Amino acid sequence: MWTQVSLLCLSFWTLTSRIQALDQASLQRSDDHAGRCHYTFTVASPEESSCPRGSRDQELDGLLSRVTLLEALVSRLIAGGDTDARGEVRTDVEEGLQEVYAQVMAERNQLQKDKERLNRQIQDLQRRGAELSQEAENLRRTPCQPTNTSAGARLDRNRPANDPGYDLSHGSYQEMKAEVTEVPASRLLPDAGHNLTGCGELLSVGDPVLHSKADGITGKYGVWLQDPEPRHSQYPSKTVWRINTVGKDVRQLYAYEDMKQFSRGFPMKVLVLPEPMESTGATMYRGSLYYQRKRSHSLIRFDLASETLVSRLDLPDAGFHGQFPYSWGGYTDIDLAVDEQGLWAIYSTSNTKGAIVISQLDPESLEVKKSWETNIRKNTVANAFMVCGRLYTVASYTAANTTINYMFDTASGEGRAVAVPFKNKYRYNSMVDYNHAQRKVFAWDNFHMVTYDLRLKRAGQSS
């Protein structure tokens with residue numbers, strides 16, 4: 001009997017549970033995307049509080065976590081990249097400001113030096129003016145010695161005859177009139193310091209004087225010269241020589257009878273060089289043209305009278321074809337020059353790391369007699385020339401108003417900064433060469449062939 005009761009209770013409990021489940025069931029009806037009707041019957045589980053998660057759900061959760069972490073890392077990288085970019089921009093700006101500041105300070109120092117030099121010149125002029133004033137005052141106060149009547153009459157013909165000054169019976173003094181004329185200060189200093197003969201340091205460079213202008217692109221830059229010490233009557237010192245150095249095979253040397261014919265563009269002869277020339281570093285000396293052979297460090301001496309190559313020699317360790325040019329380029333690695341002391345080569349080597357080397361050459365054999373190493377880099381200057389054994393460099397080839405900024409004295413072996421004004425009137429000066437017989441600098445400035453007068457200081461005169 002108890003067994004029947006137990007079964008009855010169990011059946012009742014099962015039925016009750018099912019009735020509760022049916023009370024929680026729901027029926028839903030909806031259309032799918034194709035328009036068909038779907039019935040959905042949902043029943044809550046009486047035994048499970050939640051659905052168990054399968055392995056696929058766990059994989060999705062892990063993937064979601066990794067994606068979230070990756071997005072965070074990407075965001076951090078982007079933020080760091082922006083910071084680096086801002087840092088680089090800030091660094092570039094700082095470097096630019098430092099460069100501008102250094103340039104301004106250099107110009108300030110140069111202006112300060114110019115100011116000191118001008119102050120010294122002003123003091124010198126004031127001292128000379130005081131000396132002239134004192135001398136004039138002394139002339140007014142100092143009595144003159146008695147002279148004869150004819151001499152006294154020549155002192156002032158406009159004075160009356162009864163002037164007491166003509167009374168020779170009173171022999172204490174004879175009156176003399178002194179006159180003082182004011183002279184502009186600009187005329188005192190150059191004349192006082194100008195050395196017409198002999199050697200000295202460079203004092204000033206005059207304004208450029210135009211002699212001719214080239215036509216066509218081949219005249220952009222070149223060489224034009226006069227021989228300071230000619231050896232052949234066929235080509236005297238008045239003969240003008242010109243070479244257009246733009247081209248692949250530069251060999252033509254134009255000869256003009258004089259400066260007048262040169263200005264008119266009428267050559268009297270054209271010589272053909274035996275080897276092609278490199279750039280604008282040629283020079284003329286004692287009846288020969290000296291130049292650098294194209295794409296080599298070979299120097300050539302070409303005799304003008306016989307029109308033959310008489311000497312050839314390699315310049316030891318010299319850079320060539322763009323290794324150590326001037327700042328304007330043009331394969332100006334070797335620059336030959338002439339002054340009162342002879343023939344020179346201005347160049348650089350890999351051993352000196354681009355610094356200018358000066359070598360004095362034998363004009364016959366082209367052998368190096370002696371060399372000097374300077375402390376100025378060749379590619380930082382526009383051009384250079386020699387005067388009285390001293391190297392002078394030009395700061396810029398395009399600035400209308402630049403300076404000769406460095407001097408090296410081969411006699412003392414020392415160099416220093418200078419500031420001699422120099423003008424590039426036509427804004428592209430590619431050739432500068434000194435003629436010691438005329439005391440002029442010949443230059444080729446953007447199709448224009450010009451000369452500059454030089455003034456040198458007297459030996460022992462202070463700046």
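Since the structure is predicted, the reported quantities are computational estimates derived from the model, not experimental observations.
In terms of heavy-atom proximity, Ser348 sits nearest to Ala355 at OG-O, 2.7 Å. The two atoms that bring Ala384 and Leu391 nearest to each other are CB-CD1, 3.7 Å, heavy atoms only. Gln360 and Gln341 get closest at one heavy-atom pair: NE2-O, 2.9 Å. Summarising the geometry of Ala318 relative to Tyr347, their closest heavy-atom pair is CB-CD1, 3.6 Å, with the distance given to 0.1 Å. Considering every non-hydrogen atom in both Tyr221 and Ser430, the closest pair reads CB-OG, 2.8 Å. Of all non-hydrogen atoms in Asp339 and Gly389, the two that sit nearest each other are OD2-N, 2.6 Å.
The neighbour count for Lys425 NZ, taken as heavy atoms of other residues, nucleotides or ligands under 6.0 Å away, does not exceed 12. The local environment of CD in Glu275 is crowded, with over 12 non-hydrogen atoms from other residues, nucleotides or ligands closer than 6.0 Å. Counting heavy-atom neighbours within 6.0 Å of Asp215 CG, excluding the residue itself, gives a total of 12 or less. Within a 6.0 Å radius of OH in Tyr331, other residues, nucleotides and ligands contribute 12 heavy atoms or fewer. For Arg127, the CZ atom is densely surrounded, since the number of other residues' heavy atoms within 6.0 Å is greater than 12.
A donor-acceptor contact shorter than 3.5 Å links the side chain of Asp333 to the backbone of Gly322. Not a single donor-acceptor pair under 3.5 Å links the side chain of Asp335 to the backbone N or O of Phe385. In this structure, the side chain of Thr402 engages the main chain of Ser396 through a donor-acceptor pair within 3.5 Å. Although no hydrogens or angles enter the test, the distance criterion places a donor-acceptor pair under 3.5 Å between the side chain of Asp362 and the main chain of Glu364. The backbone N or O of Ala399 lies less than 3.5 Å from a partner atom in the side chain of Asn424, making a donor-acceptor pair. For the pair Asp227 (side chain) and Arg286 (backbone), a donor-acceptor distance under 3.5 Å is present. One N or O on the side chain of Ser327 and one on the backbone of Val381 form a donor-acceptor pair closer than 3.5 Å. Between the side chain of Thr451 and the backbone N or O of Lys440, no donor-acceptor pair lies under 3.5 Å. Looking only at distances, no side-chain donor or acceptor of Asp303 sits under 3.5 Å from a matching main-chain atom of Val310. A distance-only check finds no donor-acceptor pair linking the side chain of Tyr392 to the backbone of Val418 [under 3.5 Å].
The closest side-chain heavy-atom distance from Pro230 to Ser237 is below 4.5 Å. Residues Glu414 and Asp409 have side chains not in contact (no heavy-atom distance under 4.5 Å, counting atoms from C-beta outward). Residues Met449 and Leu210 form no side-chain contact, since every pair of their non-hydrogen atoms from C-beta on lies 4.5 Å or further apart. Inter-residue side-chain proximity for Arg293 and Arg312 is flagged as met; some heavy-atom pair is nearer than 4.5 Å. In this structure the side chain of Pro208 never reaches within 4.5 angstrom of the side chain of Phe422, judged on heavy atoms. For the pair Val209/Val450, no side-chain contact is recorded, criterion being any heavy-atom separation below 4.5 Å from C-beta on. Two residues are said to be in side-chain contact when any heavy atoms from C-beta on lie closer than 4.5 Å; Leu118 and Lys115 fail this criterion. Using a 4.5 Å heavy-atom cutoff, the side chains of Leu304 and Leu253 are in contact.
Applying ring pair (Phe, Tyr, Trp, His ring centres under 6.0 Å) to Trp224 and the options Phe262, Trp241, Tyr256 leaves one that passes, Phe262.
The side chain to side chain donor-acceptor pair (under 3.5 Å) pairs that include a residue from residues 373-388 are Asn375-Tyr406, where partners are two or more places apart or lie in different chains.
Tyr428 carries Lys220 over the face of its six-membered ring, with the cationic atom under 6.0 Å from the centre and within 45° of the normal.
Interatomic distance, Arg439 CZ to Leu454 CG, rounded to the nearest 0.5 Å: 8.0 Å. Note that the CG atom of Leu336 and the CG atom of Leu366 stand 8.5 Å from one another [nearest 0.5 Å]. In this structure, CD in Gln226 is found 6.5 Å from CG in Asn435, a value given to the nearest 0.5 Å. Between the CE atom of Met105 and the CD atom of Gln112 there is a distance of 10.5 Å, given to the nearest 0.5 Å. Within the model, atoms CG of Leu456 and SG of Cys199 stand 7.0 Å from one another, a figure rounded to the nearest 0.5 Å. Within the model, atoms NZ of Lys260 and NZ of Lys238 stand 11.5 Å from one another, a figure rounded to the nearest 0.5 Å.
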Quiz item: Do Met277 and Leu289 pass the side-chain contact (heavy atoms from CB on, under 4.5 Å) test, and can you show the C-alpha distance, the side-chain angles, and the key distance before you say yes or no?
Solution: CA-CA 11 Å; Met277 177 187 294; Leu289 174 72; 4.2 Å; yes

Practice problem: Please test Ile300 against Leu273 for side-chain contact (heavy atoms from CB on, under 4.5 Å), starting from the C-alpha separation and ending with a verdict. | Solution: CA-CA 10 Å; Ile300 292 177; Leu273 302 177; over 6 Å; no

Quiz item: Between Ser279 and Phe320, does a side-chain contact (heavy atoms from CB on, under 4.5 Å) hold up when you go through it step by step?
Solution: CA-CA 10 Å; Ser279 197; Phe320 63 94; over 6 Å; no

Practice problem: May I have the step-by-step check of side-chain contact (heavy atoms from CB on, under 4.5 Å) for Asp445 and Met431, ending in yes or no? | Solution: CA-CA 7 Å; Asp445 189 0; Met431 168 253 171; over 6 Å; no

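Counting only N and O atoms by type, the side chains of Trp444 and Asn429 include no donor and acceptor under 3.5 Å apart. No donor-acceptor contact under 3.5 angstrom links the side chains of Asn119 and Arg117, judged on distance only. Checked by atom type, the side-chain pair Asn405/Thr393 shows a donor-acceptor distance below 3.5 Å. In the model, Arg301 has a side-chain atom that pairs as donor or acceptor with a side-chain atom of Ser288 under 3.5 Å.
Using a 4.0 Å cut-off between charged nitrogen and carboxylate oxygen, Lys269 and Glu307 count as a salt-bridge pair. Salt bridge status for Asp207 with Lys423: present, with a side-chain N to carboxylate O gap under 4.0 Å. Using a 4.0 Å cut-off between charged side-chain N and carboxylate O, Arg251 and Glu278 make no salt bridge. A salt bridge links Asp124 with Arg128: the closest approach of a Lys/Arg side-chain nitrogen to an acidic carboxylate oxygen falls below 4.0 angstrom.
Under the 30°/60° scheme for interplanar angles, the aromatic rings of Tyr285 and His436 are found to stand perpendicular.
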